[in-house]
Amino acid sequence: MSPGRPMEEQHHLVQVRRQHLEELEQRGIDAYPHRYARSHRLAEVVAEGEKLAAAETKVMVAGRMMSKRRHGKTAFAHIEDEDARLQIYVRRDEVGDENYELFKLLEVGDHVGVEGSMMFTRTGELTVKAARVHLLGKTLRPLPEKWHGLTDKEIRYRQRYLDLLMNAEVRRDFRRRTEIIQTIRDVLIEDAFLEVETPILQPMYGGATARPFTTVYHALGDLKVYLRIADELYLKRLIVGGYDRVFEFAKDFRNEGMDRTHNPEFTMMECYAAYWDYEDVMGLVERVFARLAERFTEEGILQYGEHRIDFTKGFRRARFFDLLEEAVGQDLRKLSRDEVAAVARDLGVEVDESMGWGKLLDEIFSEKVEPTLIQPTFVCDHPRELSPLAKRHRSDPDLVERFEPFVAGFEVGNAFSELNDPRDQRARFEDQLRLREKGDTEAQRLDEDFLRALEYGMPPTGGLGLGIDRIVMLFTNRHSIRDVLFFPQMRPEGD
RNA sequence: GCGCCGCUAGCUCAAUUGGCAGAGCAACUGACUCUUAAUCAGUAGGUUGAAGGUUCGAUUCCUUCGCGGCGUACCA
């Protein structure tokens with residue numbers, strides 16, 4: 001590990017580079033010029049290679065030098081930019097003595113510009129024959145080895161810039177992250193959703209069950225404020241305010257453990273549509289995944305680890321209690337809280353006394369059903385107790401109109417027919433308060449202003465949250481959330 | 001939080017039972033005008049994650065700590 005030490009104490013490899021930098025400056029060369037009049041990106045040169053080489057076209061290209069092979073009075077090197085690499089050929093008798101001396105002082109890692117004409121080498125590789133080489137930015141630290149590259153996960157996560165510059169496939173995956181978000185945004189905008197922004201710092205948190213991060217706001221007398229765990233209650237206020245359809249890509253924060261699928265800050269897309277119910281939202285989720293599958297899979301089949309996931313048939317729809325019954329062999333709906341607890345124990349699911357009926361069912365479901373939900377599935381109609389913001393099921397008051405899309409065994413979202421009856425919403429919050437009094441630190445808070453908003457009338461509304469990081473994991477075939485976040489949470493480096 | 005594994009040169013990795021800490025690449029010097037993991041000859045590079053202990057002697061064994069990975073728990 002090489003933490004950033006003061007330059008004075010630097011390693012001899014750094015000292016050598018600093019000496020080269022000084023020598024260059026003594027020759028009057030600016031090691032950090034302001035711009036370079038590039039004529040092509042490398043991918044453009046590569047795409048047009050045949051034509052450019054046939055015409056010996058003059059180009060000005062730029063990139064980071066990733067390899068260098070010197071043979072006396074001639075040399076080859078590769079330069080690389082974001083999405084392509086290109087060989088350069090530098091001959092002393094072409095660039096002149098002075099420029100060749102400059103090139104000798106450049107090293108792997110430096111940013112260089114090359115002015116020259118396109119050609120193919122004897123071995124058939126597209127190459128720029130340099131007429132002149134320019135230094136565009138000097139590197140002071142040595143790059144990891146060219147062959148094995150950088151594999152140490154700690155360095156890859158802590159110094160992501162180094163991971164990105166060494167590993168083109170990592171650059172591609174993060175570019176895809178942006179493309180996935182853009183694809184989802186496109187579908188929403190086509191459906192007339194309006195993109196909005198709501199507060200991250202909130203005086204009262206809500207919209208999910210989780211512990212928050214807290215901070216203080218000095219200007220309001222050290223008022224305790226929270227980083228949002230969800231933006232649900234704010235987006236619903238906007239529906240009350242008369243917007244028809246809204247969405248937000250939100251960074252949410254949850255003060256909980258990290259693992260392969262959890263980072264304390266993560267990205268959730270939430271959207272709400274007036275006059276929709278959860279069946280309408282199912283249609284939206286299917287449109288979103290159909291579009292993602294079209295752009296990012298081969299013919300709708302996604303290879304994720306060992307799984308082949310088929311998006312060509314939409315999502316299977318299955319009810320929460322039916323799936324439970326399939327998995328445990330009996331209908332748990334009519335059982336009492338204690339009977340469910342007994343079933344859970346028999347199944348080897350850990351039970352504790354504070355767990356209510358709904359929580360116990362959820363535990364059994366997580367353990368016995370979720371891992372089996374590989375193909376795209378909507379799990380529908382959950383017990384009411386688990387879902388304090390969802391509307392009662394139109395044909396069964398013990399259930400809510402809710403569904404969770406599952407893919408590859410993980411939950412990628414959550415959706416409801418939104419609860420818009422202010423009396424019922426108040427009663428559900430009060431149930432949560434009772435759970436909190438029993439010691440459930442994650443029970444939801446009663447938000448009086450949100451209730452006031454509902455009392456002004458929210459239309460029937462369908463709402464959805466999508467876990468963006470998990471969706472990116474799916475479509476990049478990555479198995480840790482840390483591989484889809486540029487800068488995952490890490491403990492501070494020691495000295 | 002708990003369990004297991006790991007941490008050795010800039011990077012990727014070796015080191016027998018506890019017995020002189022090594023290689024490849026990168027770097028430096030020299031040779032080389034179509035190479036591509038360039039080649040050839042030479043040089044330099046280490047507080048073995050940290051502290052303590054056992055021992056004549058510790059990269060190796062023990063204890064504590066730090067960081068990471070994986071699993072598990074918590075967490076929609």
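On a predicted model such as this, the values are computed, not experimentally measured, just so you know. Just so it is clear: chains get the letters A, B, ... in the order the sequence lines come, proteins before strands, and each one is counted from 1.
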Asker: Does A/Ile29 have any side-chain contact (heavy atoms from CB on, under 4.5 Å) partners at least two apart in sequence or in another chain, and if so, which?
Answerer: A/Leu24, A/Arg27, A/Leu102

Asker: For B/rG53 versus B/rG18, give the span between their C1' atoms, rounded off to a whole number of Å.
Answerer: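 Nearest-Å result for B/rG53 against B/rG18 at atom C1': 15 Å.
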
Asker: Where does the angle between the aromatic ring planes of A/Phe315 and A/Phe378 fall among parallel (under 30°), tilted (30 to 60°) and perpendicular (over 60°)?
Answerer: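 Rings of A/Phe315 and A/Phe378: parallel, under 30°.
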
Asker: Under the side-chain contact (heavy atoms from CB on, under 4.5 Å) rule, collect the residues that match up with A/Ile374, sequence neighbours excluded.
Answerer: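 A/Ile374 satisfies side-chain contact (heavy atoms from CB on, under 4.5 Å) with A/His307, A/Ile309 only.
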
Asker: Please find the pair of heavy atoms, one from A/Arg470 and one from A/Glu411, that lie closest to each other, and give the distance.
Answerer: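 So the minimum-distance heavy-atom pair works out to NH1-O, 3.0 Å.
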
Asker: Base, sugar-phosphate, or nothing: which does A/Gly149 touch, judged by heavy atoms less than 4.0 Å apart?
Answerer: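 Here A/Gly149 touches the backbone only, sparing every base.
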
Asker: Quick one: which residue pairs count as a side-chain hydrogen bond (donor to acceptor under 3.5 Å, both in side chains) with a foot in residues 93-103 of chain A, not counting sequence neighbours?
Answerer: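 Matches after skipping sequence neighbours: A/Arg91-A/Asp93, A/Arg92-A/Asp97, A/Glu101-A/Lys104.
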
Asker: Show me the side-chain donor-acceptor pairs of residues 125-140 of chain A shorter than 3.5 Å, one per line, residues at least two apart or across chains.
Answerer:
from	atom 1	to	atom 2	distance (Å)
A/Glu125	OE2	A/His78	NE2	2.8
A/Thr127	OG1	A/Gln87	NE2	3.0
A/Thr127	OG1	A/Glu125	O	2.9
A/His134	NE2	A/Glu115	OE1	3.1
A/Lys138	NZ	A/Leu105	O	3.4
A/Lys138	NZ	A/Glu107	OE2	2.6
A/Lys138	NZ	A/Asp110	OD1	3.4
A/Lys138	NZ	A/Asp110	OD2	2.6
A/Thr139	OG1	A/Gly109	O	2.6
A/Thr139	OG1	A/Asp110	N	3.3
A/Thr139	OG1	A/Asp110	OD1	3.3

Asker: Considering residues at least two apart in sequence or located in another chain, which fulfil the side-chain contact (heavy atoms from CB on, under 4.5 Å) criterion with A/Glu50?
Answerer: A/Phe120

Asker: Whole Å only: how far is the NE2 atom of A/His78 from the P atom of B/rA26?
Answerer: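 The answer, rounded to whole Å, is 15 Å.
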
Asker: For A/Ala341, what residues pass the side-chain contact (heavy atoms from CB on, under 4.5 Å) criterion, not counting sequence neighbours?
Answerer: A/Arg337, A/Arg345, A/Val351, A/Leu360

Asker: Holding to ring-ring contact (aromatic ring centres under 6.0 Å, His included), I want the full list of residues that pass it with A/Phe365, two or more places apart in sequence or in another chain.
Answerer: A/Phe320

Asker: Summarise protein proximity over nucleotides 28-34 of chain B in one line of letters, 5' to 3': B for base, S for sugar-phosphate only, - for none, counting protein heavy atoms closer than 4.0 Å.
Answerer: S---BBB

Asker: Specify the separation, in whole Å, of atom CE of A/Met66 and atom P of B/rC11.
Answerer: 15 Å

Asker: For B/rU35, does the base pair up with any side-chain atom of A/Glu125 as donor and acceptor (N or O, under 3.5 Å, distance only)?
Answerer: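 Checked by distance alone, the answer is no.
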
Asker: Rounding to an integer number of Å, can you tell me how far A/Glu493 CD sits from B/rG49 P?
Answerer: 16 Å

Asker: How would you list all residue pairs meeting salt bridge (charged side-chain N to carboxylate O under 4.0 Å, His left out) that involve residues 53-72 of chain A, not counting sequence neighbours?
Answerer: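 Qualifying pairs, neighbours excluded: none.
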
Asker: With heavy atoms under 4.0 Å as the rule, sort A/Leu386 into base, sugar-phosphate or nothing.
Answerer: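 Since a base atom lies under 4.0 Å of A/Leu386, the category is base.
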
Asker: Does A/Phe475 have any ring-ring contact (aromatic ring centres under 6.0 Å, His included) partners at least two apart in sequence or in another chain, and if so, which?
Answerer: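 Residues passing ring-ring contact (aromatic ring centres under 6.0 Å, His included) with A/Phe475: A/Phe311.
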
Asker: Is a donor from one side chain sitting under 3.5 angstrom from an acceptor on the other, for A/Tyr278 and A/Asp381?
Answerer: yes

Asker: Provide the distance between the two C1' atoms, one in B/rG24 and one in B/rA38, to the nearest whole Å.
Answerer: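 Their C1' atoms lie roughly 15 Å apart.
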
Asker: From the set B/rG68, B/rU12, B/rA26, return the single nucleotide nearest to any side-chain atom of A/Thr151.
Answerer: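 Closest of the options to the side chain of A/Thr151: B/rU12.
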
Asker: Could you tell me the separation between the NZ atom of A/Lys138 and the P atom of B/rA27, rounded to a whole number of Å?
Answerer: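 Spelled out: NZ on A/Lys138 to P on B/rA27 is 11 Å.
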
Asker: Expressed as a whole number of angstroms, how long is the span from A/Asp110:CG to B/rA27:P?
Answerer: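 Value for this atom pair: 11 Å.
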
Asker: Could you measure between the two C1' atoms, the one in B/rA21 and the one in B/rU59, and give it in whole Å?
Answerer: 8 Å

Asker: Considering only atom P, compute the distance from B/rC40 to B/rC25 and round it to an integer number of Å.
Answerer: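 Those two atoms are separated by 8 Å.
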
Asker: When rounded to the nearest Å, what value does the distance between P atoms of B/rA9 and B/rC4 take?
Answerer: 26 Å

Asker: Dot-bracket for RNA chain B, please, read 5' to 3', with Watson-Crick or G-U wobble pairs under 3.5 Å on both distances, ( ) within the strand, [ ] crossing, | other strand, . unpaired.
Answerer: (((((((..((((.....[..)))).(((((.......))))).....(((((..]....))))))))))))....

Asker: Quick one: is B/rA26 close enough that its OP1 or OP2 comes under 4.0 Å of any side-chain N or O from A/Lys146?
Answerer: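 For B/rA26, OP1/OP2 do have a side-chain N/O of A/Lys146 under 4.0 Å.
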
Asker: Pick the P atom in B/rC62 and in B/rA58, then give their distance to the nearest Å.
Answerer: 16 Å

Asker: Determine yes or no for a side-chain-to-main-chain donor-acceptor pair under 3.5 angstrom, with A/Glu248 supplying the side chain and A/Thr198 the backbone.
Answerer: yes

Asker: When the C1' atoms of B/rG3 and B/rG46 are considered, how many whole Å apart are they?
Answerer: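 After rounding to an integer number of Å, I get 33 Å for this pair.
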
Asker: Using whole Å, report how far CG of A/Leu150 lies from C1' of B/rU12.
Answerer: 10 Å

Asker: If I take atom CZ in residue A/Arg158 and atom P in nucleotide B/rC7, what distance separates them, rounded to the nearest angstrom?
Answerer: 17 Å

Asker: How many Å lie between CG on A/Asp152 and P on B/rC25, as a whole number?
Answerer: 22 Å

Asker: For nucleotides 69-75 of chain B, print each protein N/O atom paired with a nucleotide N/O atom at under 3.5 Å, atom names and distance only.
Answerer:
from	atom 1	to	atom 2	distance (Å)
B/rG69	OP1	A/Arg482	NH1	2.5
B/rG69	OP2	A/Arg482	NH1	3.4
B/rC74	N4	A/Asp259	OD2	3.0
B/rC75	O2'	A/Glu256	OE1	2.1
B/rC75	O2'	A/Glu256	OE2	3.0
B/rC75	O2	A/His262	NE2	2.4

Asker: Using the P atom as the point on both nucleotides, what is the distance between B/rG69 and B/rA26, in whole Å?
Answerer: 30 Å

